[in-house]
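Below are the structure tokens for one structure; questions will follow.
These figures come from a predicted structure and were not determined experimentally.
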Amino acid sequence: MVYVRHPVAETPTGGSSRLAVCLIHFVLAITSGLGLKQSTGRQALAAFGIFFGHSLLCLLRHTHPNPGSLQRLLCDKSRRYSSVLFVTLIVGELQAINPSTKIGDFFGADWDRLAFGLWTGTLALGIGSFWFGSNRGSSVGAGFIKLDAAHLGLCVLWNVYCLWHIAIREEHWWSLGLALLVLLNHFVLWRLPLHFNISQLEVATVGMCFTTMFALNAIQEQLDAVGS
């Protein structure tokens, strides 16, 4: 049974909170920009580009004195999906660098087809939850929102399994660390705002910063393994 995290869209209030959120997104822009500079693989460039674009989008949203509803919506949805898609792309990059870590077929489908199928489903459910979920009294909308959350959780678990498979092949510890970090970010750390004076937005963005750093080291680890 997959535990489903219910995302909470939060808007930081107060000068110090807004400053903290902007600072965290600035750090994310720096780390993801470093990833863009160092990467040469297509999937790695796409992954770090997604995080870099997300950080700029959210910096514009949180520095704007009166952000519109569209800006708020784009940042919330970007944060929700980009952190999961980022890891999927990093998994693909790690396999491309070191073919010995390639994940075997599942029921006749290779990793590329499975990843495409999962994200096609995510796209469809995301559109459905947005289209029907705006009507809070609709049971159809509530069903789409729950399915979307459950499916996104499935994508997270798939990413974790793939990273674990890559890690145990030749003791790639950064890949294993990334897998554990993904689990913590999605299923554990979102509880921190319930007990501490910190927003869900800050927790999620700090998690993205650490994910970027772990991904950079995991890629370098694979490059070293292939070159040795």
Worksheet item: Mind checking whether H186 and N159 have side chains closer than 4.5 Å, heavy atoms only?
Response: no
Fill in: Shared hydrophobic cluster for F51 and L23 (ILVMFWY, side-chain gaps under 4.5 Å)
no
Response to the item:
When rounded to the nearest 0.5 Å, the distance separating NE2 of H172 from CG of N98 is 5.5 Å
Fill in: Separation between CZ of R80 and CG of L152, rounded to the nearest 0.5 Å
5.0 Å
Worksheet item: What's the spacing between L176 CG and W174 CH2 if we round to 0.5 Å?
Response: 11.5 Å
Item to complete: Supply the atom-to-atom distance R42 CZ to L89 CG, rounded to the nearest 0.5 angstrom.
Response: 9.0 Å
Discussion item. Side chains of W158 and L114, heavy atoms from C-beta outward: is any pair under 4.5 Å?
Written reply: yes
Worksheet item: How would you list, by chain and number, every residue that makes a side chain to side chain donor-acceptor pair (under 3.5 Å) with S78, sequence neighbours excluded?
Response: H54
Discussion item. Would you say that more than 12 heavy atoms from the other residues, nucleotides or ligands in this model lie under 6.0 Å from the CH2 of W164, or not?
Written reply: no
Item to complete: Please tell me if the side chains of N185 and V156 come closer than 4.5 Å, counting only heavy atoms from C-beta onward.
Response: no
Practice prompt. Inspect the contact between K102 and D112 and indicate whether a charged nitrogen and a carboxylate oxygen are less than 4.0 angstrom apart.
Written response: yes
Item to complete: Take D224 and Q220, measure what side-chain hydrogen bond (donor to acceptor under 3.5 Å, both in side chains) needs, and give me the verdict at the end.
Response: CA-CA 6 Å; D224 293 341; Q220 186 60 48; 2.9 Å; yes
Discussion item. Rounded to the nearest 0.5 Å, what separates atom OG1 in T88 from atom CG in L118?
Written reply: 8.0 Å
Worksheet item: Are side-chain heavy atoms of C58 and R79 found at a separation under 4.5 Å?
Response: no
Worksheet entry | Side-chain heavy atoms of V21 within contact of T205, under 4.5 Å | no
Practice prompt. Without swapping roles, check the side chain of E93 against the backbone of I219 for a donor-acceptor pair under 3.5 Å.
Written response: no
Discussion item. Could you check whether any side-chain heavy atom of C75 comes within less than 4.5 Å of a side-chain heavy atom of L57, counting everything from C-beta outward?
Written reply: yes
Worksheet entry | V84 vs V87 side-chain heavy atoms within contact, under 4.5 Å | no
Fill in: Q38 (side chain) donor-acceptor with G35 (main chain) under 3.5 angstrom
no
